Peer 1: 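Please see the structure below; I have some questions.
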Amino acid sequence: MKRLENKVAVITGGGGGIGAATAKLFLQEGARVLIVGRTEEKLRKTLQELNHENLGYAVADVSKVEDTQRYIQQAAERFGGVDVLVGNAGAEGPYKPLDEHSVEDFDEVMAVNVRGCWLAVKYAFPEMRKRGGGSIVLTSSVMGMVAFPSNSAYTAAKHAVVGLARSLAHDGAPFNIRVNAVCPGVIDNDMTAGIHTRLAPGNEDVVKSRMAQRIPMQRYGTNEEIARLNLFLASDDSSYSTGGVFVSDGGMTAGIRGR
Ligand SMILES: NC(=O)c1ccc[n+]([C@@H]2O[C@H](COP(=O)([O-])OP(=O)(O)OC[C@H]3O[C@@H](n4cnc5c(N)ncnc54)[C@H](OP(=O)(O)O)[C@@H]3O)[C@@H](O)[C@H]2O)c1
């Protein structure tokens, strides 16, 4: 039997690298999937690429209450309920010294990563209770465990996502709703490519190779590797895991390479 047979999954940030890879895997495992994002073009592209009758999309800003209520309702109406939520939409904001970091940048990063996850869980909970339980995966980061320079807002936001998973696991447990956090390391996708360009325009390959060499496994992760971790947590394979923090980072948070 497929691991998400008869399950309905909502994946925010589903038009992005990790989200789209997760949607693909969940569909293969029998789920009906609603992907959520701000940019309709990206969602449509994912829809075309995956080309599956059990895939739909909702255009929504995850930091907004009305948008969140609407996409959860859309999943329930189209697919009959919500069993799995992957709160994966995220934005890293600028990498800048504190003096240059604006208050608006800070608020935006918090709104997408923290408020977005909290709202998604708040409005998914009642739908999951109706189904007798569910599984929620919130995408944090290695920056939810350790810090890098020049990005305090994102670091604080991803630490907060870990806090949300731990606290909401208590709220969910009596209703058979599990809540876990995933902490990807550096993933080889558009978000990371954008960071390389902002840090060293024209020298992206040099930055990438230097960064990779500092990771114990000496490479970036892939969207598919994080998707497989999301599948484990979404499915009954992880039936005794809640409030957990699951790292997939090639050893990065174990410490940088020695030689
Ligand atoms: N890439 C990495 O190395 C890495 C490492 C650790 C953690 N993460 C986390 O992994 C998650 C997925 O990121 P990714 O790597 O797949 O990057 P990505 O391709 O940039 O995906 C991020 C997604 O979030 C969506 N999003 C951003 N703000 C939104 C908002 N206000 N409302 C709705 N959707 C919004 C984006 O959609 P729009 O473009 O339409 O806004 C996009 O689809 C994020 O939470 C990220 O912080 C990534």
Side-chain angles (χ1 to χ4, degrees), residues 10-25 34-47 49 57-68 70-72 85-95 105 107-120 137-148 151 153-162 164-165 181-199 207-208 211-212 215 219-227 229-230 245-250 252-253:
V10 174
I11 303 172
T12 70
I18 294 172
T22 301
K24 184 177 180 182
L25 188 57
L34 186 82
I35 53 171
V36 179
R38 260 182 319 198
T39 314
E40 185 161 18
E41 202 185 320
K42 288 188 192 173
L43 296 167
R44 277 182 173 281
K45 190 167 166 268
T46 305
L47 209 75
E49 281 171 8
Y57 75 83
V59 179
D61 181 338
V62 296
S63 66
K64 298 208 164 106
V65 173
E66 301 75 22
D67 285 25
T68 309
R70 183 169 46 74
Y71 75 69
I72 293 291
L85 165 71
V86 184
N88 165 78
E92 76 277 28
Y95 281 75
D105 289 338
D107 287 346
E108 169 70 13
V109 168
M110 285 294 176
V112 177
N113 294 285
V114 186
R115 187 176 148 102
C117 280
W118 187 81
L119 286 175
V137 186
L138 302 180
T139 311
S140 175
S141 166
V142 285
M143 289 172 79
M145 310 186 72
V146 295
F148 295 97
N151 204 340
Y154 186 66
T155 304
K158 291 304 192 184
H159 275 69
V161 171
V162 167
L164 284 181
V182 159
C183 295
V186 189
I187 304 305
D188 200 357
N189 66 16
D190 289 350
M191 180 183 271
T192 306
I195 297 170
H196 292 155
T197 303
R198 272 176 279 155
L199 290 177
V207 179
K208 184 175 176 182
M211 186 72 192
I215 299 168
R219 68 168 178 88
Y220 287 4
T222 65
N223 294 320
E224 290 72 23
E225 285 172 316
I226 305 307
L229 182 53
N230 286 338
V245 182
F246 292 79
V247 179
S248 180
D249 70 347
M252 198 172 187
T253 48

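Counting starts at 1 for both ligands and their atoms, in listed order. This one's a predicted model, so the numbers in the text were calculated from it and none came from an experiment.
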Peer 1: Does the side chain of V112 reach to within under 4.5 Å of the side chain of V62, using non-hydrogen atoms?
Peer 2: yes

Peer 1: Can a non-hydrogen atom of T139 be found less than 4.0 Å from any atom of ligand 1?
Peer 2: yes

Peer 1: Between V142 and F148, is a side-chain contact (heavy atoms from CB on, under 4.5 Å) present by the stated rule, with each step listed?
Peer 2: CA-CA 10 Å; V142 285; F148 295 97; 4.1 Å; yes

Peer 1: Tell me whether E49 is salt-bridged to K45, with the criterion being a basic N under 4.0 Å from an acidic carboxylate O.
Peer 2: yes

Peer 1: State the atoms of ligand 1, each with its element, that fall below the 4.0 Å cut-off from a heavy-atom position in V186.
Peer 2: 3 (O)

Peer 1: Give the atoms of ligand 1, by number and element, whose distance to some non-hydrogen atom of Y154 is under 4.0 Å.
Peer 2: 7 (C), 8 (N), 9 (C), 46 (C), 47 (O)

Peer 1: Counting only heavy atoms, which portion of A111 has something under 4.0 Å from ligand 1: side chain, backbone, both, or neither?
Peer 2: neither

Peer 1: Any idea which of T39, L43, V59 brings a heavy atom closest to atom 40 (O) of ligand 1?
Peer 2: T39

Peer 1: What do we get for E92 next to ligand 1 when only non-hydrogen atoms under 4.0 Å count, side chain, backbone, both or neither?
Peer 2: neither

Peer 1: Taking it one step at a time, do T22 and N88 satisfy side-chain contact (heavy atoms from CB on, under 4.5 Å)?
Peer 2: CA-CA 10 Å; T22 301; N88 165 78; over 6 Å; no

Peer 1: Applying a strict 4.0 Å limit to heavy atoms, is M143 in contact with ligand 1?
Peer 2: no

Peer 1: Of the choices S140, G37, S63, which has the non-hydrogen atom that lies closest to atom 7 (C) of ligand 1?
Peer 2: S140

Peer 1: Should you measure from each heavy atom of N189, which atoms of ligand 1 turn up under 4.0 Å away?
Peer 2: 1 (N), 14 (P), 15 (O), 16 (O)

Peer 1: Does CZ in R44 sit with more than 12 non-hydrogen atoms of other residues, nucleotides or ligands closer than 6.0 Å?
Peer 2: no

Peer 1: Among protein heavy atoms, which sits nearest to atom 2 (C) of ligand 1, and what does the distance come to when rounded to 0.1 Å?
Peer 2: T192 OG1, 3.6 Å

Peer 1: Would you mind listing which atoms of ligand 1 come within a distance below 4.0 Å of any non-hydrogen atom of I187?
Peer 2: 1 (N), 2 (C), 3 (O)

Peer 1: Should we say atom CG of D190 is surrounded by more than 12 heavy atoms from elsewhere, each under 6.0 Å from it?
Peer 2: no

Peer 1: Only heavy atoms count here, so choose which of T12, V62, D188, I18 is nearest to atom 32 (N) of ligand 1.
Peer 2: V62

Peer 1: Which ligand 1 atoms are under 4.0 Å away from a heavy-atom of K42?
Peer 2: 38 (P), 39 (O)

Peer 1: So between G90, G116, G185, whose heavy atom ends up nearest atom 4 (C) of ligand 1?
Peer 2: G185

Peer 1: Any non-hydrogen side-chain atom of P184 less than 4.5 Å from a side-chain atom of T139?
Peer 2: yes

Peer 1: Pair K208, D188 - check side-chain contact (heavy atoms from CB on, under 4.5 Å), show working.
Peer 2: CA-CA 9 Å; K208 184 175 176 182; D188 200 357; 3.1 Å; yes

Peer 1: Tell me whether N223 has any N or O atom under 3.5 angstrom from an N or O of ligand 1.
Peer 2: no

Peer 1: Output, in order, the C-alpha distance, side-chain angles, deciding distance and verdict of side-chain contact (heavy atoms from CB on, under 4.5 Å) for V182 and S248.
Peer 2: CA-CA 8 Å; V182 159; S248 180; 5.7 Å; no

Peer 1: Counting heavy atoms only, which of G221, G93, G194, A89 comes nearest to atom 26 (N) of ligand 1?
Peer 2: A89

Peer 1: Once you restrict to heavy atoms under 4.0 Å, what part of Y220 touches ligand 1? Side chain, backbone, both or neither.
Peer 2: neither

Peer 1: Give a yes/no verdict on whether any heavy atom in N88 is under 4.0 Å from an atom of ligand 1.
Peer 2: yes

Peer 1: Hey, is ligand 1 close enough to S141 that some N/O pair sits below 3.5 Å?
Peer 2: no

Peer 1: Between C183 and ligand 1, which residue portion shows a heavy-atom distance shorter than 4.0 Å: side chain, backbone, both, or neither?
Peer 2: neither

Peer 1: Side-chain contact, heavy-atom cut-off 4.5 Å: Y220 with I215?
Peer 2: yes

